[in-house]
Amino acid sequence: MPILILVYPLLIYGSVHWQMPWLGALALLGLGLHVFAPALKKKQFWAWLMVAILLIAGAWAVIIDDSRALIQLVPIMVFLMLAVFFGRTLMGHSVPLVTRIAAAARDISPENILAEMPGDVLRYTRGVTMFWTAMFLFFAAEDLFMLWLALPMPWPLVVNISNFAIMLMLLVGEYLYHSRRYPNPKHHSFLDFAQDVAKFDYHSLLED
């Protein structure tokens with residue numbers, strides 16, 4: 001996996017440098033198939049949807065014969081995949097993603113979340129999961145709109161840097177709120193909270 005992460009940007013660069021959009025499209029599709037392989041083997045719809053997003057993006061760059069489009073499509077695909085990643089945990093009897101992270105931070109095992117997690121925290125974390133799903137969809141729509149307007153560089157880059165800055169501010173703001181409303185004794189600072197978020201086993205969701 002680390003090798004793929006290093007090779008992927010090189011293939012995208014080569015695609016743009018030599019104007020070979022098909023190379024970038026193959027890189028996108030190959031990365032997606034590798035990352036989502038566990039879920040694809042289980043025929044999970046959300047995983048096929050993510051691969052379809054990558055396939056459509058790559059195909060569009062090939063059709064218009066412009067490798068540079070891949071650079072602008074990357075943030076759109078990232079936000080769409082994050083929306084799917086968060087949103088799928090809101091469906092059916094699944095446990096919302098933020099609820100799982102909060103449970104792990106409180107040393108509650110996945111099978112005991114509904115039994116041991118306080119009801120108000122369950123409702124709050126479900127709402128936060130819905131909020132982040134909506135935000136990722138908004139950012140993706142914003143990037144699609146910029147692509148449609150054909151804004152010249154560096155405006156798309158500036159807007160996306162602003163989007164990620166907004167995401168960070170929202171994350172800090174949400175921490176400040178929940179640390180007062182639903183405090184976790186293990187978290188003495190935002191760094192403690194961030195470390196727990198980073199340590200969560202997201203790969204397990206691919207097999208869920």
Side-chain angles (χ1 to χ4, degrees), residues 1-6 8-9 31 34-39 44 46-47 50 74-140 142-143 157-208:
M1 184 63 179
I3 295 177
L4 261 181
I5 294 175
L6 290 174
Y8 166 72
L31 186 66
H34 181 83
V35 170
F36 304 119
Q44 295 188 16
W46 69 270
M50 285 190 167
V74 166
I76 297 173
M77 290 181 293
V78 168
F79 288 131
L80 284 177
M81 288 191 292
L82 283 171
V84 172
F85 201 62
F86 275 67
R88 61 173 285 270
T89 64
L90 294 166
M91 301 173 63
H93 299 290
S94 183
V95 178
L97 176 54
V98 177
T99 304
R100 302 185 196 201
I101 296 173
R106 288 169 168 76
D107 298 323
I108 299 175
S109 60
E111 59 272 14
N112 294 326
I113 290 176
L114 297 180
E116 298 183 17
M117 185 78 82
D120 55 348
V121 178
L122 283 173
R123 290 188 293 273
Y124 173 73
T125 51
R126 181 178 182 82
V128 174
T129 305
M130 294 173 64
F131 171 79
W132 280 112
T133 302
M135 286 301 302
F136 292 137
L137 287 173
F138 171 78
F139 288 141
E142 177 190 54
D143 281 336
L157 180 61
V158 170
V159 171
N160 276 294
I161 290 175
S162 300
N163 285 343
F164 283 103
I166 291 171
M167 287 170 56
L168 180 60
M169 287 189 293
L170 288 172
L171 190 63
V172 173
E174 193 278 323
Y175 162 76
L176 293 174
Y177 175 79
H178 84 242
S179 64
R180 295 179 182 277
R181 184 73 182 273
Y182 310 104
N184 184 341
K186 290 175 57 181
H187 295 165
H188 302 292
S189 67
F190 177 76
L191 181 59
D192 293 336
F193 164 70
Q195 287 176 337
D196 268 341
V197 172
K199 287 189 299 184
F200 181 76
D201 183 15
Y202 295 95
H203 188 268
S204 64
L205 293 177
L206 297 176
E207 300 178 352
D208 185 358

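In what follows, every heavy atom counts, from backbone to side chain, and hydrogens, waters and symmetry copies are set aside.
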Exercise for the section: Please report the closest heavy-atom contact between Ile108 and Glu116, naming both atoms and the distance. Expected result: CG2-OE1, 3.8 Å
Handout entry: Parallel, tilted or perpendicular: rings of Phe79 and Phe139 (30°, 60°)
Key = tilted
Problem - Between OG1 on residue Thr89 and CZ on residue Arg126, distance to nearest 0.5 Å - result: 8.0 Å
Completion exercise
Rounded to the nearest 0.5 angstrom, the CZ-CE distance for Phe164 and Met169 is 13.5 Å
Practice task
Output, in order, the C-alpha distance, side-chain angles, deciding distance and verdict of side-chain contact (heavy atoms from CB on, under 4.5 Å) for Arg106 and Tyr182.
Solution key: CA-CA 11 Å; Arg106 288 169 168 76; Tyr182 310 104; 4.2 Å; yes
Handout entry: Summary of side-chain hydrogen bond (donor to acceptor under 3.5 Å, both in side chains) pairs that have at least one residue in residues 188-197, sequence neighbours excluded
Key = His187-Asp196
Exercise for the section: Give, for atom CD of Glu142 and atom CD1 of Ile76, the distance between the pair rounded to the nearest 0.5 Å. Expected result: 10.0 Å
Handout entry: Partner residues of Asp120 under the salt bridge (charged side-chain N to carboxylate O under 4.0 Å, His left out) criterion, sequence neighbours left out
Key = none
Exercise for the section: Can you see which heavy atom on Thr133 is nearest to which on Gly87, and at what distance? Expected result: OG1-N, 3.4 Å
Practice task
May I ask you to check whether over 12 heavy atoms, not counting those of Met117, lie within 6.0 Å of atom CE?
Solution key: yes
Exercise for the section: Evaluate side-chain contact (heavy atoms from CB on, under 4.5 Å) for Ile113 paired with Leu122, printing each intermediate quantity in order. Expected result: CA-CA 9 Å; Ile113 290 176; Leu122 283 173; 4.1 Å; yes
Handout entry: Rounded distance [0.5 Å steps], OG1 in Thr129 versus CZ in Phe85
Key = 12.0 Å
Fill in the blank from the handout: Tightest non-hydrogen contact, residues Leu80 and Leu137, listed as CD2-CD2, 4.3 Å
Handout entry: Steps toward side-chain contact (heavy atoms from CB on, under 4.5 Å) verdict (Trp132, Leu97)
Key = CA-CA 10 Å; Trp132 280 112; Leu97 176 54; over 6 Å; no
Problem - From Met91 atom CE to Arg88 atom CZ, the distance as rounded to the nearest 0.5 Å - result: 9.5 Å
Exercise for the section: Verify side-chain contact (heavy atoms from CB on, under 4.5 Å) between Leu171 and Val197, making sure each step is shown before the conclusion. Expected result: CA-CA 11 Å; Leu171 190 63; Val197 172; 5.8 Å; no
Completion exercise
Between Pro185 and Pro183 the two heavy atoms that sit nearest each other are CD-O, 3.9 Å
Problem - Within-4.5 Å side-chain heavy-atom neighbours: Phe86 and Val98 - result: yes
Practice task
Look at the rings of Tyr124 and Tyr177 and say which category their plane angle falls in: under 30° parallel, 30 to 60° tilted, over 60° perpendicular.
Solution key: tilted
Completion exercise
Closest heavy-atom pair, Arg100 versus Ser94, reported as atoms and distance to 0.1 Å, is NH2-OG, 2.7 Å
Problem - Note, Val128 side chain near His178 side chain (heavy atom, < 4.5 Å) - result: no
Fill in the blank from the handout: Closest heavy-atom pair, Glu174 versus Phe193, reported as atoms and distance to 0.1 Å, is OE1-CZ, 4.1 Å
